[in-house]
Amino acid sequence: MRFLDLAATSAAVGATSGRRAKVELLAAALRSLDPAEVPAGAGYLAGELRQRQTGVGWASLRDLPPPAAEPALTVAAVDAAVDEIAAVRGPGSQARRRELLGRLFATATADEQRLLVGLFSGELRQGAQAGLLADAVARAAEVPLAAVRRALLLAGDLREVAVAALSGGAAALAAFGLQVGRPLAPMLAQSAPTVDEALAATGTPAVVDVKLDGIRIQVHRSGQDIAVFTRSLDDITGRLPEVVAAVRALPARELVLDGEAIGLDAAGRPLPFQETSSRAARRTTPSTTGGTAVAPAVLAAAERTGQAVLTPYFFDLLHLDGTDLIDLPGRERWAALAGAVDPSLLVGRMEVDGPEQAGAAFAAAVDAGQEGVVVKDPDAPYDAGRRGSAWVKVKPRHTLDLVVLAVEWGSGRRQGWLSNLHLGARDPRTGEFVMLGKTFKGLSDELLRWQTERFLGLAVEKGDWVVRVRPEQVVEIAFDGVQTSSRYPGGVALRFARVVRYRDDKSAAEADTIDAVRAIHAGRPTG
DNA sequence: CGACTCTGCCCC
DNA sequence: GTTCAGT
DNA sequence: ACTGAACGGGCAGAGTCG
């Protein structure tokens with residue numbers, strides 16, 4: 001298949017607002033792919049490259065050669081070119097990658113270049129991703145949508161599912177059961193501002209789990225083979241030897257566990273997320289020589305340098321010794337979990353009848369330095385990949401009145417509007433403002449329109465990207481916490497900042513101070 | 001060597 | 001990660 | 001209810017440069 005035809009489909013999908021019409025366009029393109037091109041081509045239609053990492057990002061896509069006048073690329077040729085680019089490594093690789101990338105783009109027409117940029121950057125923005133492509137696969141292969149969805153969530157790989165559906169139909173899809181050793185999409189939680197509202201969504205009685213601020217882990221065990229996967233289904237087994245050891249010590253032969261890995265201090269209180277993250281992101285250590293014994297080396301180096309040792313805590317069990325549990329009610333899965341795992345490895349959990357007990361559980365979790373709670377419906381099955389009302393998370397929320405220092409022009413559907421706010425706290429010693437981070441969240445279209453006019457009126461420097469303003473507009477900002485920052489001048493930054501409302505009743509001189517922010521920082525876990 | 005930029009279906 | 005808009 | 005798109009801070013690792 002010509003790559004140009006995929007580019008045309010992508011453009012048409014992007015120009016279509018209706019979901020059904022998008023699916024129709026994608027299905028038609030899927031049908032015209034050669035069987036050998038399905039893995040790459042189906043991914044392109046969902047905005048994904050077959051190669052997970054290419055070493056190419058926004059910076060490499062800034063200066064591109066002029067487009068070709070005539071199309072010459074096929075889907076297979078693009079896939080081969082990306083393969084070659086992704087394989088480049090070592091000294092001289094940046095120049096080599098740049099050369100190969102330039103050659104690919106010089107062969108592409110303007111429309112094809114647009115699709116390539118979207119694929120390499122990971123931001124195709126055609127209004128269709130893997131979820132919609134599942135619909136298109138069902139349509140093209142004439143199989144039930146539910147079968148495609150289920151296969152996608154259990155296989156975690158769009159391309160394999162597309163190949164199976166288009167070549168083997170419903171029978172091939174049925175073969176995608178839960179498989180020990182192969183990650184499935186983890187179940188997600190909705191968010192609620194209070195435990196009362198969470199309880200209203202789940203119903204009562206409910207179960208309240210402590211929410212740990214660490215790394216989501218899905219651990220598979222088959223005999224002595226143990227694998228640890230992240231929320232995005234990446235294999236991080238080599239980075240978490242503590243987790244492997246803990247699961248190896250369990251009596252069960254086959255397990256699929258869902259939980260969280262987190263670093264603790266000497267007193268057993270949780271470390272700030274940054275410290276857990278630092279340990280979990282470490283692959284090797286300087287002292288690691290061959291790489292054969294990477295995992296023990298990671299652990300030894302962590303202990304030697306005083307880095308956090310991560311501890312796993314589990315809250316669900318999806319498979320036990322030959323039996324799949326995902327379709328069972330939560331209370332049955334959790335009973336099986338309690339029987340399979342040492343109590344010290346279980347997430348803190350309380351069964352509650354109503355708001356009073358749930359509120360007490362939430363207060364206790366926060367008091368212990370934890371991130372919050374997840375309220376769960378004990379009758380619900382494990383809905384892989386879904387963010388339904390069966391699980392609802394609740395976290396404490398801080399708010400501060402900050403001052404807007406600058407605003408960035410938006411892109412995509414926010415093009416032409418001032419969008420991303422630079423936020424500052426007042427420094428009472430200097431009268432200046434200390435930048436703490438940015439946010440673009442919590443802004444309705446109406447508010448975007450209002451603030452564009454407002455900040456152009458306050459502008460002191462109108463750049464193409466950033467508009468600097470007189471520090472006069474106060475805005476109420478909600479956020480989850482304060483973290484240590486090497487980027488911002490105050491040494492602190494807000495986590496998950498979002499706009500609550502503009503405060504036209506307050507002047508900048510009445511805005512909250514950097515001291516107030518530092519006080520919150522000092523009060524965080526092990527701060 | 002250290003300082004820097006860029007990347008990551010990164011983690012949250 | 002959170003939030004808003006569109007279907 | 002679900003999907004997609006707006007974009008946040010911080011981390012380690014790889015490669016480049018002076």
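The sequence lines fix the lettering, A, B, ..., with proteins before strands; numbering per chain opens at 1. These values consider heavy atoms only, across backbone and side chains, with no hydrogens, waters or symmetry-generated copies.
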State which residues pass ring-ring contact (aromatic ring centres under 6.0 Å, His included) with [X]; sequence neighbours excluded, sorted by chain then number.
X	result
A/Trp450	A/Tyr502
A/Phe229	A/His220
A/Phe479	A/His398
A/Tyr44	A/Phe3

What does the list of N/O pairs under 3.5 Å between the protein and nucleotides 1-6 of chain B look like, with a distance for each?
| unit_1 | atom_1 | unit_2 | atom_2 | d |
| --- | --- | --- | --- | --- |
| B/dC6 | OP1 | A/Arg62 | NH2 | 3.2 |

Among A/Val347, A/Leu257, A/Val210, A/Leu212, whose side chain to side chain contact (heavy atoms under 4.5 Å, CB included) with A/Phe315 holds? A/Val347

Which residues pass the side-chain contact (heavy atoms from CB on, under 4.5 Å) test with A/Arg89, not counting sequence neighbours? none

Within the structure, does a side-chain N or O atom of [X] lie under 4.0 Å from either OP1 or OP2 of [N]?
X	N	answer
A/Arg52	B/dG8	no
A/Thr230	B/dC11	yes
A/Asn420	D/dG8	yes
A/Arg414	D/dA6	no
A/Ser278	D/dA12	yes
A/Thr276	D/dC11	no
A/Ser411	D/dC7	yes

Tell me which nucleotide among [options] gets nearest to the side chain of [X].
X	options	value
A/Lys441	D/dA12, C/dT2, B/dC11	C/dT2
A/Tyr488	D/dG13, D/dA6, D/dG8	D/dG8
A/Arg125	D/dC11, C/dT2, D/dA6	D/dA6
A/Arg487	D/dG9, D/dA12, B/dC12	D/dG9
A/Phe273	D/dG10, B/dC11, C/dG1	B/dC11
A/Gln129	D/dG8, D/dG4, D/dC11	D/dG4
A/Lys211	C/dG1, D/dC11, C/dA5	C/dG1

Keeping [X] on the side-chain end and [Y] on the backbone end, is there a donor-acceptor pair under 3.5 Å?
X	Y	answer
A/Glu197	A/Val394	no
A/Glu242	A/Val309	no
A/Thr439	A/Ala497	yes
A/Arg50	A/Pro39	no
A/Gln126	A/Val13	no

Atom-to-atom span, [atom1] of [X] to [atom2] of [N] - whole angstrom:
X	N	atom1	atom2	answer
A/Leu447	C/dC4	CG	C1'	12 Å
A/Ile477	C/dT2	CD1	P	16 Å
A/Phe440	D/dA5	CZ	C1'	10 Å
A/Arg501	C/dT3	CZ	P	16 Å
A/Arg89	B/dT7	CZ	C1'	13 Å
A/Arg283	B/dT7	CZ	P	16 Å
A/Gln451	C/dC4	CD	C1'	13 Å
A/Arg413	C/dA5	CZ	C1'	5 Å

Want to settle it: does A/Ala130 or A/Gln483 sit nearer the 5' end of DNA chain D, counting the closest nucleotide to each? A/Ala130

On DNA chain D, does the nearest nucleotide to A/Gly410 precede the nearest nucleotide to A/Leu133 from the 5' side, or the other way round? Give the residue. A/Leu133

Using a 4.0 Å heavy-atom cut-off across all strands, classify [X] as base, sugar-phosphate, or nothing.
X	value
A/Leu49	nothing
A/Ala128	sugar-phosphate
A/Gln126	sugar-phosphate
A/Ala497	nothing
A/Asp445	sugar-phosphate
A/Val499	nothing
A/Gly122	nothing
A/Ser191	nothing
A/Leu443	sugar-phosphate

For nucleotides B/dC12 and D/dC7, find the distance between their P atoms and express it as a whole number of Å. 23 Å

Which whole number of Å gives the distance between the C1' atom of D/dG10 and that of B/dT7? 14 Å

Taking only residues two or more places apart in sequence, or in another chain, which ones meet A/Gln179 in a side-chain hydrogen bond (donor to acceptor under 3.5 Å, both in side chains)? none

Do other residues, nucleotides or ligands put more than 12 heavy atoms under 6.0 Å from A/Arg139 CZ? no

Please check if the number of heavy atoms outside A/Arg468 that lie under 6.0 Å from its CZ is greater than 12. no

Residues within residues 386-405 of chain A bordering DNA chain B, heavy-atom distance below 4.0 Å: none

Do any pairs count as a salt bridge (Lys or Arg N to Asp or Glu O under 4.0 Å) and have a residue in residues 384-393 of chain A, sequence neighbours left out, and if so which ones? A/Asp383-A/Arg386

Scan residues 9-22 of chain A for pairs that pass salt bridge (Lys or Arg N to Asp or Glu O under 4.0 Å), counting only residues two or more places apart or in two chains. A/Arg19-A/Asp135

Working to the nearest 0.5 Å, report the span between CG of A/Leu264 and CD of A/Glu275. 11.5 Å

Between which residue ranges does DNA chain D form stems of three or more consecutive Watson-Crick or G-U wobble pairs, both distances under 3.5 Å? B:1-8 with D:11-18, B:10-12 with D:8-10, C:1-7 with D:1-7

Pull out every residue in residues 11-23 of chain A that has a heavy atom closer than 4.0 Å to any atom of DNA chain D, ordered by number, or say none. A/Arg19

